[in-house]
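Chain identifiers are assigned alphabetically (A, B, ...) following the order of the sequence lines, protein sequences preceding nucleic acid strands; residue numbering begins at 1 within each chain.
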Number of protein chains: 2
Amino acid sequence: MTTTLQPRWLDADQQRIWRSFLNGVARINERLEAELRCFGLDLGEYEILVHLSESPDRSLRMSDLADRVRQSRSRLTHTVARMETKGLVSRMACPSDRRGVIALMTTRGSELLVEAAPAHVESVRRALVDPVDPDDFAALGRAMDAVTGVPGATGVQD
Amino acid sequence: MTTTLQPRWLDADQQRIWRSFLNGVARINERLEAELRCFGLDLGEYEILVHLSESPDRSLRMSDLADRVRQSRSRLTHTVARMETKGLVSRMACPSDRRGVIALMTTRGSELLVEAAPAHVESVRRALVDPVDPDDFAALGRAMDAVTGVPGATGVQD
DNA sequence: AAGTTGTTGTTGAACCGTAAACTTCTTTGC
DNA sequence: GCAAAGAAGTTTACGGTTCAACAACAACTT
């Protein structure tokens with residue numbers, strides 16, 4: 001037989017919270033995407049620009065960038081290709097590894113990020129930060145860190 | 001001039017939490033999708049089956065269903081059409097409103113849900129419920145309710 | 001040093017979601 | 001009653017994501 005033990009169903013509270021989570025995430029995404037569309041960007045492209053802007057020389061190896069923005073390599077290739085035609089990024093060969101490709105943000109990309117960032121941050125505030133109680137917001141951070149396995153201070157403060 | 005006041009940037013903590021959120025959500029989605037793929041479903045299809053199974057006669061108006069699973073009407077039409085070819089749902093005319101279409105779950109759809117549900121619930125536990133501290137999990141629920149504007153008990157308990 | 005294995009990044013096809021136009025029907029207001 | 005406005009679903013075209021196969025290179029292995 002396969003390992004089909006009795007399923008540990010969620011209790012009523014857990015199920016309510018789980019559905020609240022699904023609803024909340026969907027709502028947040030809707031708002032952020034809608035807002036970024038005014039700048040001709042989606043969340044994936046925006047994140048690419050953010051991570052490039054935070055890196056030395058505004059550049060990052062494709063595989064490194066893919067990990068940071070949680071996109072598959074294939075998806076990143078396609079997305080960066082599109083952004084390249086828009087003049088937001090460009091690509092060059094990696095000097096240290098001839099397999100590698102380095103994506104770098106253009107001046108135009110940088111300018112678009114500077115333009116879009118304030119509105120985006122305001123969206124994040126309106127959609128999440130402002131409506132949520134600060135203690136709950138901190139708990140949200142701990143919860144998501146636990147999900148991704150970030151060590152986090154589980155013990156007592158000293 | 002446009003209303004470009006000084007942007008209220010996120011402070012270091014808020015930004016860390018926001019990124020934890022993005023990472024956590026992505027991780028949870030990955031796991032749930034990967035698990036459901038074993039049953040030939042994605043999260044959108046699974047949710048359709050769940051909501052149909054909870055409704056009288058295992059049936060729901062398309063627009064009603066669309067609201068519950070947070071899909072656009074267009075998307076739902078496509079998804080249900082696909083599921084219909086798989087034999088998981090079927091469609092019939094709505095008796096009370098001749099514009100309406102009623103989606104209903106087939107026996108096959110019901111059987112697939114019964115088969116997939118335990119594994120899915122286990123995924124939700126492993127990805128979210130189990131790793132997160134119970135108090136933080138409750139706070140997560142309150143936070144997401146605040147995001148979607150669910151009234152919620154903000155005051156003191158009586 | 002040659003062969004194996006793993007990594008990096010791209011390609012093209014299939015698939016899915018989005019957006020806008022459109023049909024049919026209901027509801028509203030005069 | 002009738003025209004206008006609105007709602008329910010579908011359709012089509014387009015764009016983006018996924019998936020599997022692939023080419024080029026690096027890193028081990030012996």
Side-chain angles (χ1 to χ4, degrees), chain A residues 22 25-26 29-49 51-52 59-86 88-104, chain B residues 25-26 29-48 51-52 59-86 88-104:
Chain A
L22 290 174
V25 169
N29 270 326
E30 277 169 23
R31 295 198 184 180
L32 299 192
E33 294 285 2
E35 202 280 323
L36 281 173
R37 204 173 311 136
C38 307
F39 301 93
L41 291 171
D42 62 22
L43 203 58
E45 294 169 325
Y46 181 84
E47 285 198 276
I48 288 172
L49 292 180
H51 282 272
L52 287 178
S59 67
L60 236 36
R61 281 282 295 264
M62 289 292 280
S63 62
D64 193 354
L65 181 54
D67 291 342
R68 300 196 195 204
V69 299
R70 303 170 309 276
Q71 292 188 16
S72 70
R73 311 229 162 142
S74 175
R75 178 178 173 186
L76 185 65
T77 296
H78 288 300
T79 307
V80 165
R82 252 178 285 130
M83 294 175 77
E84 204 169 14
T85 71
K86 294 190 206 167
L88 303 177
V89 298
S90 62
R91 281 183 286 192
M92 55 177 277
C94 175
S96 60
D97 183 341
R98 270 185 297 179
R99 294 170 301 181
V101 171
I102 291 177
L104 64 144
Chain B
V25 169
N29 270 327
E30 277 169 22
R31 294 197 184 180
L32 298 192
E33 294 284 4
E35 204 280 324
L36 282 173
R37 204 173 310 135
C38 306
F39 300 93
L41 292 171
D42 62 22
L43 203 57
E45 295 169 324
Y46 181 84
E47 285 197 275
I48 289 172
H51 282 272
L52 287 178
S59 68
L60 236 36
R61 282 279 296 265
M62 288 291 280
S63 62
D64 193 355
L65 182 54
D67 291 341
R68 300 197 195 205
V69 300
R70 304 171 307 276
Q71 291 189 15
S72 70
R73 313 231 161 141
S74 176
R75 177 177 172 187
L76 186 65
T77 296
H78 289 301
T79 308
V80 165
R82 254 179 282 129
M83 293 175 77
E84 206 169 12
T85 71
K86 294 190 207 168
L88 303 177
V89 298
S90 62
R91 280 182 286 192
M92 53 177 278
C94 175
S96 60
D97 184 340
R98 270 186 296 182
R99 294 170 301 182
V101 171
I102 291 178
L104 65 143

Of all heavy-atom pairs linking A:Leu104 and A:Ser59, the shortest is CB-CB, 3.6 Å
Distance check needed: C:dT8 P versus A:Leu76 CG, whole Å only. 13 Å
Just the rounded figure in Å: distance from C1' of C:dT11 to CE of A:Met62. 13 Å
Between the axis at one end of the helix from C:dA1-D:dT30 to C:dC30-D:dG1 and the axis at the other (five pairs apiece), what's the angle to 10 degrees? 30°
So, OP1 or OP2 of C:dC16: does either fall under 4.0 Å of a side-chain N or O from B:Arg82? yes
Between C:dT8, D:dT10, D:dT17, which nucleotide gets closest to the side-chain atoms of B:Val101? D:dT10
Quick one: does B:Glu45's side chain have a donor or acceptor within less than 3.5 Å of a partner on B:Met83's backbone? no
Give, for atom NE2 of A:His78 and atom OG of A:Ser72, the distance between the pair rounded to the nearest 0.5 Å. 8.0 Å
Taking only N/O atoms, report every protein-nucleotides 24-27 of chain C pair under 3.5 Å with atom names and distance.
from	atom 1	to	atom 2	distance (Å)
C:dT26	OP1	B:Arg98	N	3.4

Here the distance between atom C1' of C:dC16 and atom CD1 of B:Ile48, to the nearest Å, is 13 Å
Please find the pair of heavy atoms, one from B:Cys94 and one from B:Val101, that lie closest to each other, and give the distance. CB-N, 4.1 Å
In whole angstrom, what separates A:Arg70's CZ from D:dT17's C1'? 16 Å
In this structure, CE of A:Met62 is separated from CG of A:Leu65 (nearest 0.5 Å) by 7.0 Å
Non-hydrogen atoms of A:Leu52 and A:Val89 that approach each other most closely: CD1-CG1, 3.8 Å
5'-most contact on DNA chain D (nearest-nucleotide basis), A:Ser74 vs A:Glu45, goes to A:Glu45
Given A:Leu43, which of A:Ile48, A:Asn29, A:Val69 fulfils the side chain to side chain contact (heavy atoms under 4.5 Å, CB included) condition? A:Asn29
Has A:Thr79 got a side-chain N or O lying under 4.0 Å from the OP1 or OP2 atom of D:dT17? yes
Shortest non-hydrogen separation from B:Thr79 to B:Gln71 and the atoms involved: OG1-OE1, 3.6 Å
Restricting to pairs with a member in residues 64-73 of chain B, which pass salt bridge (Lys or Arg N to Asp or Glu O under 4.0 Å), not counting sequence neighbours? B:Glu47-B:Arg70, B:Asp64-B:Arg68
Any side-chain N or O of B:Arg73 less than 4.0 Å from the OP1 or OP2 oxygen of D:dG9? no
For C:dA19, does either OP1 or OP2 sit under 4.0 Å from a side-chain N or O belonging to B:Arg75? no
Please state how far atom CZ in A:Arg61 lies from atom P in C:dT8, giving the value in whole angstrom units. 7 Å
OP1, OP2 of C:dA19 versus side-chain N and O of A:Arg37: anything below 4.0 Å? yes
For atom CD1 of A:Ile102 and atom P of C:dT8, their distance in whole Å: 14 Å
Return no unless some side-chain N or O of B:Arg91 is found under 4.0 Å from OP1 or OP2 of D:dG9. no
In whole angstrom, give the distance that lies between atom NE2 of B:His78 and atom C1' of D:dA13. 10 Å
Spacing between B:Gln71 atom CD and D:dA8 atom C1', to the nearest angstrom: 16 Å
Residues A:Ile102 and A:Pro95: closest non-hydrogen pair is CD1-CD, 3.9 Å
What contact category does A:Ser63 fall into here, base, sugar-phosphate, or nothing, at under 4.0 angstrom with non-hydrogen atoms? sugar-phosphate
